[in-house]
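Residue indices begin at 1 and follow the sequence shown.
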Amino acid sequence: MDVNEILTRYLAGERSFQQVNLLEAELTNANLSGADFSYADLRQTRLGKTNFHQACLRETDLSEAILWGTDLSQADLYRAILREADLTGAKLTQARLDEANLIKASLCGANLHGAKLSRVLLIKADFRPSSDQLTDLGYAVLTGADLSYADLRATSLYHANLDGAKLCRANLSQGIQWGDMAADLTEASLQGADLSYANLNGAILRGANLCGADLTGAILTDADLEGAIMPDGNVAG
């Protein structure tokens, strides 16, 4: 099944495209809202600006796919493979990404507000702002996620749940290239998180819960910890 056939069938009312092979295909600016592409092979596809709102992409292989500005809001990406995918400016609000593989993925300027990312692999993922917008992980569920070495500078993690997450050597520092904006972890939950050797220079951690977190070697210079619950259970002044 090729791209033209999929679009024709979609317009005719069909929504099931499970296990389809679209390796290296181009499917930009299309409307595929609510379509089922679970278990499909979409490696190296160009899907920029396509509407996948509420689509099912469970265990779909999107390795190295280009998803610039793609609408994946409320999409089901459970265990999807997005290794080295480019999701710059993508809309992933309330999307399900539990156990997905996003190693080395680019999420610059993506909107993940309220997304579910439990046990997701985000090793060396790039969350820096894009040229026109910040990356939003506010209220996202990242319990047990692996964000080791991730670039989270100037990212909003307001009220995010990072309990048990791995942030070893992650970069959450303040950066002059974004007007000195810092990673915002206000009221985030980081209970039992691994923040060893993470760069939190200038990060906002007001009211955050760091109970039981590992801060071995972490850089906390100029970090705002007012009201934060520290690893030993004491509240910072």
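The two atoms that bring Leu157 and Ala188 nearest to each other are O-CB, 3.8 Å, heavy atoms only. Heavy-atom minimum distance, Met230 versus Leu215: CE-CD1, 4.4 Å. Contact detail for Leu190 and Ala208: the closest heavy-atom pair is CD1-CB, 4.5 Å. For Thr70 against Gly48, the heavy-atom pair with the smallest separation is OG1-CA, 3.7 Å. Pairing each heavy atom of Ala218 with each of Leu200, the nearest pair is CB-CD1, 4.5 Å. Nearest heavy-atom pair, Gly202 versus Ala182, reported as atom, atom and distance to 0.1 Å: O-CB, 3.0 Å.
A single hydrophobic cluster is seen to contain both Phe127 and Leu195, as judged by linkage of ILVMFWY side chains at heavy-atom distances under 4.5 Å, directly or through other members. No path of Ile, Leu, Val, Met, Phe, Trp and Tyr side chains, each step under 4.5 Å between heavy atoms, connects Val141 with Leu121, placing them in separate hydrophobic clusters. Hydrophobic cluster membership is shared by Met1 and Leu7, with clusters built from Ile, Leu, Val, Met, Phe, Trp and Tyr side chains linked at under 4.5 angstrom. Tracing side-chain contacts under 4.5 Å through hydrophobic residues (I, L, V, M, F, W, Y), one reaches Leu27 starting from Leu87; they form part of the same cluster. Both Leu185 and Leu210 are part of a single hydrophobic cluster, where members link through side-chain heavy atoms under 4.5 Å apart.
Between Asp76 and Arg58 there is a salt bridge, since at least one side-chain N of the basic residue sits less than 4.0 Å from a carboxylate O of the acidic one. At a threshold of 4.0 Å, the pair Asp36-Arg15 does not count as salt-bridged, since none of the basic side-chain nitrogens sits closer than that to a carboxylate oxygen.
Atom CG of residue Asn171 and atom CG of residue Asp151 lie 5.0 Å apart, to the nearest 0.5 angstrom. Atoms CG and CD, on Asn199 and Gln174 in that order, are 10.5 Å from each other to the nearest 0.5 Å. In this structure, CG on Asn209 lies 5.0 Å from OG on Ser189, to the nearest 0.5 angstrom. Note: Thr28 OG1 to Leu47 CG = 8.5 Å, rounded to the nearest 0.5 Å. In this structure, the separation between CG on Asp71 and CD on Gln54 is 9.5 Å, given to the nearest 0.5 Å. How far CG of Leu117 is from CZ of Arg119: 11.0 Å, rounded to the nearest 0.5 Å.
Of the N and O atoms on the side chains of Asn4 and Asp2, not one donor lies less than 3.5 Å from an acceptor on the other residue.
A heavy-atom distance below 4.5 Å is found between the side chains of Lys116 and Asp98. Within the 4.5 Å cutoff, the side chain of Leu22 has heavy atoms near those of the Val3 side chain.
Distance alone, capped at 3.5 Å, places no donor-acceptor pair between the Ser130 side chain and the Gly89 backbone. Judged by distance alone, the side chain of Asn161 and the main-chain N or O of Thr143 form no donor-acceptor pair under 3.5 Å. Side chain of Thr45 to backbone of Ala25: no donor-acceptor contact under 3.5 angstrom is found. Between the side chain of Thr186 and the main chain of Tyr158, no donor-acceptor pair closer than 3.5 Å is present. Side-chain atoms of Asn201 never come within 3.5 Å of backbone atoms of Ser173 as a donor-acceptor pair (strictly under, hydrogens ignored). Within the 3.5 Å criterion, the main-chain N or O of Ser73 finds a donor-acceptor partner in the side chain of His53.
Ring pair Phe17/Phe37 is parallel by interplanar angle, where below 30° counts as parallel and above 60° as perpendicular.
For Tyr10, there are no ring pair (Phe, Tyr, Trp, His ring centres under 6.0 Å) partners two or more places apart in sequence or in a different chain.
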Report the C-alpha separation of Ser196 and Asp194 in whole Å, then their side-chain angles, then the decisive distance to 0.1 Å, and conclude whether the side-chain hydrogen bond (donor to acceptor under 3.5 Å, both in side chains) test is met.
-> CA-CA 6 Å; Ser196 57; Asp194 179 3; 2.7 Å; yes
Test log, rule side-chain contact (heavy atoms from CB on, under 4.5 Å), inputs Leu134 and Ser156 = CA-CA 7 Å; Leu134 300 179; Ser156 173; 5.7 Å; no
Result block: side-chain N/O donor-acceptor pairs under 3.5 angstrom for residues 103-111, not counting sequence neighbours:
residue: Ser106; atom: OG; partner: Thr88; partner atom: OG1; Å: 3.4
residue: Asn111; atom: OD1; partner: His113; partner atom: N; Å: 3.1

Would you be so kind as to tabulate the donor-acceptor pairs closer than 3.5 Å made by side chains of residues 62-69, with sequence neighbours excluded?
residue: Ser63; atom: OG; partner: Asp61; partner atom: OD1; Å: 2.6
residue: Trp68; atom: NE1; partner: Asp86; partner atom: OD1; Å: 3.4
residue: Trp68; atom: NE1; partner: Asp86; partner atom: OD2; Å: 2.6

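For OH of Tyr197, the number of neighbouring non-hydrogen atoms (other residues, nucleotides, ligands) closer than 6.0 Å is 12 at most.
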